Asks: 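Here's a structure for you.
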Amino acid sequence: MALAFVNGRYLPQAQAWVHAEDRGFQFADGVYEVVALLDGHLMDFDAHMDRLARSLEALRLSWPMSRAALALVMRELIRRNGVTTGLIYLQITRGSAPRDFKFPAPSVRPTLVMTVRRVTRFGSPTHIAEGVPIITIPDIRWLRRDIKSVSLLPQVLGKQQAVEAGAFEAWMVDADGLVTEGCSSNAWIVSADGVLITRPTNHLILSGVTRGSLLQLAAEFGIATEIRPFSVAEAKAAPEAFLSSATTFALPVTRIDGQPVGTGRPGAITLRLRQAYLATVGGVRS
Ligand code: PDD
């Protein structure tokens with residue numbers, strides 16, 4: 001039976017409720033993290049906790065418990081669920097109070113919810129071998145995309161549009177035709193001369209933890225990198241493209257809006273980075 005952690009208690013998920021007036025529910029007044037668990041190892045754990053700290057600070061939310069205690073509870077929930085490979089989801093909201101836009105009284109405690117899901121792989125064998133199709137859509141989001149906010153409606157709509165178009169992900173595009181990021185991933189291309197290109201992190205995209213690790217690996221391999229935005233046209237003409245997230249790691253993108261990327265096969269740099277991420281961050285020996 002799947003167990004969730006809700007405000008201090010480990011509960012069967014079917015009984016794991018939050019209050020009807022929770023501010024996460026009413027205002028999306030909360031933040032979240034998703035961390036991959038691979039063979040018992042929490043991938044990039046410290047970097048996820050660092051980003052959680054930044055998200056909490058941006059919302060002027062306090063930690064529901066100390067960072068060290070939170071790490072312990074996360075591991076305990078994983079243990080109680082008997083999961084060794086999967087995803088842990090953590091959400092913190094400003095708590096429950098009668099609906100009113102301004103912050104509630106300081107006595108209102110944040111809500112903390114955690115769930116664990118078993119997954120067998122981070123990207124299916126077909127997705128890794130063939131790459132995935134993506135579509136491009138306008139980026140209609142707010143301007144604090146650096147906060148890992150639970151306000152994800154544009155991404156929900158975007159992802160649904162992708163699925164209905166037979167695609168795996170939608171890359172969002174700004175008014176200048178530049179790709180910002182995927183609905184739940186960061187976007188990358190490789191240029192004809194083998195330079196890895198991805199957008200700088202600022203308020204316009206989420207600073208992906210996987211992105212950060214992949215950039216470090218690229219530096220270790222001596223892969224030339226340019227941190228700059230790229231256009232949809234540039235991506236369509238690139239020999240290689242991929243996306244990255246905690247749920248997919250580095251995953252090849254082989255079609256954009258129906259057009260093949262390069263030869264239409266996953267690129268060598270993408271697969272090398274994916275392998276290196278598994279080997280170094282995940283400790284998986286290839
Ligand atoms: N999403 N950009 C956006 C908008 C995201 O939602 C995510 C992750 C990323 C990649 O970040 P990271 O490498 O830290 O996972 C980029 C998670 C997986 C989700 O919402 O399920």
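All residue numbers in this chain count up from 1 along the given sequence. Worth saying up front: this structure is predicted, and the values here are computed from it rather than measured. Order of appearance sets the numbers: ligands from 1, and atoms from 1 within every ligand.
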Asks: Under 4.0 Å from any heavy atom of G208, which atoms of ligand 1 are there?
Replies: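 Numbered from 1, ligand 1 contributes 11 (O), 12 (P), 13 (O), 14 (O).
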Asks: Counting each atom of ligand 1 from 1 as listed, which ones have a heavy atom of R51 under 4.0 Å away?
Replies: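 Close to R51: 11 (O), 12 (P), 14 (O).
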Asks: Y89 near ligand 1, heavy-atom distance under 4.0 Å?
Replies: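 Judged by the 4.0 Å heavy-atom criterion, Y89 does not count as contacting ligand 1.
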Asks: Should you measure from each heavy atom of S244, which atoms of ligand 1 turn up under 4.0 Å away?
Replies: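 Going through ligand 1 atom by atom, the ones under 4.0 Å from S244 are 10 (C).
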Asks: Taking the six-membered ring of F221, is NZ or CZ of R272 closer than 6.0 Å to its centre and within 45° of its axis?
Replies: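 The answer is yes, since R272 meets both limits relative to F221.
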Asks: Using 30° and 60° as the class limits, which term best fits the ring planes of F5 and Y10: parallel, tilted or perpendicular?
Replies: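 Perpendicular: the ring planes of F5 and Y10 meet at over 60°.
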Asks: Under a 3.5 Å cutoff, is there a donor and acceptor pairing between the side chains of D22 and T93?
Replies: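 A pair is found: one side chain offers a donor N or O, the other an acceptor, under 3.5 Å apart.
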Asks: Within less than 4.0 angstrom of ligand 1, does E33 place any heavy atom?
Replies: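 Flag not set, E33 not near ligand 1.
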Asks: Could a heavy atom of G182 be found less than 4.0 Å from some atom of ligand 1?
Replies: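 Checking ligand 1 against G182, which is what was asked, there is a heavy-atom contact under 4.0 Å.
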Asks: With heavy atoms of H48 as the reference, note each atom of ligand 1 found under 4.0 Å away.
Replies: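 Checking each atom against H48, I get 14 (O).
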Asks: For residues 202-214, pull every pair meeting side chain to side chain donor-acceptor pair (under 3.5 Å), keeping only residues two or more places apart or in separate chains.
Replies: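 Those involving residues 202-214 are D44-S213.
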Asks: Taking only heavy atoms of E181, which atoms of ligand 1 are found under 4.0 Å from at least one of them?
Replies: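 Taking each heavy atom of E181 in turn, ligand 1 has 2 (N), 3 (C), 4 (C), 16 (C) under 4.0 Å.
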Asks: Would you mind listing which atoms of ligand 1 come within a distance below 4.0 Å of any non-hydrogen atom of N186?
Replies: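 What qualifies from ligand 1 is 10 (C), 16 (C).
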Asks: Using a strict cut-off of 4.0 Å, indicate which atoms of ligand 1 neighbour a heavy atom of S245.
Replies: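 Here the atoms of ligand 1 in question are 10 (C), 13 (O), 15 (O).
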Asks: Should C183 be listed as contacting ligand 1, given a heavy-atom distance under 4.0 Å as the test?
Replies: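 Under 4.0 Å: yes for C183.
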Asks: Give, for atom CG of L112 and atom CD1 of I92, the distance between the pair rounded to the nearest 0.5 Å.
Replies: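 Here the interatomic distance stands at 5.5 Å.
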Asks: Below a 4.0 angstrom heavy-atom separation, can you tell me which part of R145, side chain or backbone, both or neither, approaches ligand 1?
Replies: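 It is neither part, as no heavy atom is under 4.0 Å.
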Asks: Salt bridge or not between R67 and D50? Use side-chain N to carboxylate O under 4.0 Å.
Replies: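 Looking at R67 and D50, the cut-off is met.
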Asks: State the atoms of ligand 1, each with its element, that fall below the 4.0 Å cut-off from a heavy-atom position in A246.
Replies: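 With A246 as reference, the close atoms of ligand 1 come out as 12 (P), 13 (O), 15 (O).
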Asks: Taking the inter-plane angle between the rings of F27 and F101 on a 0 to 90° scale, is it parallel (under 30°), tilted (30 to 60°) or perpendicular (over 60°)?
Replies: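 F27 vs F101 ring planes: tilted.
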